[in-house]
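Here the structure is a predicted model, which means the values were calculated and not measured. Below, chains carry the letters A, B, ... as their sequence lines are ordered, and counting in each starts from 1.
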Amino acid sequence: MLDIALIRERPDWVKAQLAKLFDDETPARIDKILELDERRRELRTRIETKQGARNRLNRAMGKLRGNRQMNDGTKSGLVLAATAALKRDDTDRALAILEGESATDAADDDGFQAAFDGLIAELRAMGQGIDDGFAEAKTIESELEAQMLWIPNLPHDSVPVFESEDENVAGVPVGEFREFDFEPKPHWELGPALGMIDFESGVKLAGTRAYVLRGWGARLQRALISFFLDSARDNGYTEFYPPFLVYGEMLYGSAQFPKFKDTVYGLEGEGKFMIPTSEVALTNLHRDEILEEAELPLNYVAHTSCFRSEKASAGRDVRGIKRVHQFEKVEMYKFTTPDNSYDELETMTRQAEAICAQLEIPFRRLEIVSGDLGFSASKKYDIEMWSPGCGEWLEVSSCSNTEAFQARRAKIRYYPGGTRKTQFVHTLNGSGLATPRVLIAIMENYQQADGSIVVPEALRAYLGGASVIDTDQA
RNA sequence: GGAGAGGUGGCCGAGUGGUUUAAGGCGAUGGUCUUGAAAACCAUUGUACGGUCUUCCGUACCGCAGGUUCGAAUCCUGUCCUCUCCGCCA
């Protein structure tokens, strides 16, 4: 979520930033937000003043009623005078009387209860407009909130401004492209031949985009997950195992909701949803908390399954295991101070690249252009591995700095420099890495003419020392 | 699934309709003392929103949402969550 104050104070600048996203829906929302914000503030100022007066009057009346030093007659006199003042709409005078600045004529004791009843009637009348005002304010505020939740994050100045993902700036590929003396096969041929991937069973159990890993396939994936987690731990990340099924609020916190609600699986009745990425769980670990500055940055890592309906990409990448409903991902996550977040983004991206390098698979970094940033990132790098079988670059990691966008939604703050004023932290997320795709890259890069697959050095320790995957028993 | 208990500031915890404008403690911060530290003592110390954006004022917030009342942390209703015991199951 953006800072409402920023929108209020620099609406044209915000619109210019949003224009870089080539999203023609948001400018109208900004205008709507400005209007709602204006109405909200005008209304609140008005009713809060009135409410303040009512609160003071009520308090003063309560105090007066319980006053043991004063006799009933004197009290009645004050109350009658205050009531008269209120009838003339002279709130200040009524307050002055009740709060003891001036006494008036004593009435007789018999009038005590009647005097208070008269005042209460005045106060009741005074409350009429106030309740309606608060109700209206609440309506406006929830409308405002709903609009705010649809505004995407603003791009960082360093992000290249282009509309299409085709313009993403590709870095120089790292690693050696292997020379094949045979035609490299795609994983959807290699997998079934080696008994590693069973597409038929996947479809039988769960339909399109479902798959079963078998034998070496399942073991290789497990090895990769362990390898990824260990790498992250070596880099100082603390490992977590979070729930995969979380409350809907968490998805608002990490900004999948409301925009991408129809791409997430869940139990609407229970208000719980399957996470599309561990980022959802990790972000919300510190929801509603004020963190200690000294403990920042927090570096977390988690392996979870991820669930995505892929509604937006229906019909695309239906072959193989590149785009599936359920996959495994190891996610790095950082909570940082605003000052350090961009340095941390570089660090995190390099860490993801280092994993690719250790697997000895050619990879490249893409600097994502403004039009392809997605909803919550201010800046994003993708890392792609080369897949000689299907002949394409596969996105295996995506590293983003969301700045305060998620932190503001999830209310994750800290006190900067010992001050008393809270500030939102910055949050970063980056895959390190995602398995079905790395599995593809390994199979296709390490395949041999006879259809067997060489195990990358870095993974052998996780597979009992095995160096080759073939049709032998896994 | 059944029965019960409970949700109050960073933490613990008091508070059964108006002198509560959330006591007290812990922690934290500043100060006094000290060669330094500890201890002791003194002071300060919630969040959000708004206001001529000021260490000034106002409003809201005691799980959440409604309701009663002139006035609700306190009473009523609903709801969510946590804990304990029992039952069932891996």
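The side chain of R40(A) places an N or O atom within less than 4.0 Å of a non-bridging phosphate oxygen (OP1 or OP2) of rG50(B).
In this structure, the nucleotide among rG71(B), rU47(B), rG50(B) sitting nearest to the side chain of R54(A) is rG71(B). When distances are taken from the side chain of R8(A) to each of rU47(B), rG50(B), rC70(B), the shortest belongs to rG50(B).
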### Message
Reading 5' to 3' and counting Watson-Crick or G-U wobble pairs with both distances under 3.5 Å, write the dot-bracket notation for RNA chain B, | for bases paired outside the strand.
### Response
((((((((.[[[..)..(.....]]]((((((.......))))))((((((....)))))).[[[[[..)....]]]]])))))))....
Expected list for residues 144-161 of chain A: side-chain donor-acceptor pairs under 3.5 angstrom, two or more places apart:
unit_1, atom_1, unit_2, atom_2, d
Q147(A), OE1, R29(A), NH1, 3.0
N153(A), ND2, S376(A), O, 2.9
N153(A), ND2, S378(A), OG, 3.2
N153(A), ND2, T402(A), O, 3.0
H156(A), ND1, S158(A), N, 3.2
H156(A), ND1, S158(A), OG, 2.7
S158(A), OG, K379(A), NZ, 2.8

Could you list all N or O pairs between the protein and nucleotides 77-82 of chain B that sit under 3.5 Å apart?
none

Pairwise N/O distances under 3.5 Å, protein to nucleotides 60-62 of chain B:
unit_1, atom_1, unit_2, atom_2, d
rA60(B), OP1, Q51(A), NE2, 2.9
rA60(B), OP2, N55(A), ND2, 3.4

Which pairs, protein N/O on one side and nucleotides 66-68 of chain B N/O on the other, fall under 3.5 Å?
unit_1, atom_1, unit_2, atom_2, d
rG66(B), OP1, K138(A), NZ, 3.2

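Heavy-atom nearest nucleotides on RNA chain B were determined for R41(A) and for R413(A), and the one closer to the 5' end corresponds to R413(A).
Taking the side-chain hydrogen bond (donor to acceptor under 3.5 Å, both in side chains) definition, one finds that R46(A) meets it with E42(A), sequence neighbours left out. For F375(A), the ring-ring contact (aromatic ring centres under 6.0 Å, His included) test picks out F405(A), with sequence neighbours left out. For F307(A), the ring-ring contact (aromatic ring centres under 6.0 Å, His included) test picks out no residue, with sequence neighbours left out. With sequence neighbours excluded, the residues satisfying side-chain hydrogen bond (donor to acceptor under 3.5 Å, both in side chains) with S278(A) are T304(A). Among residues two or more places apart in sequence or in another chain, the ring-ring contact (aromatic ring centres under 6.0 Å, His included) test is passed with F335(A) by H286(A), Y300(A), Y333(A).
For residues 5-62 of chain A, no pair satisfies ring pair (Phe, Tyr, Trp, His ring centres under 6.0 Å), with sequence neighbours left out. For the salt bridge (charged side-chain N to carboxylate O under 4.0 Å, His left out) condition, no pair includes a residue of residues 232-250 of chain A, sequence neighbours left out.
In this structure, the OH atom of Y414(A) is 18 Å from the P atom of rG10(B), given to the nearest Å. Distance, N58(A) CG to rU20(B) P: 17 Å, rounded to whole Å.
Going from the P atom of rC75(B) to that of rG6(B) covers 12 Å, rounded to whole Å.
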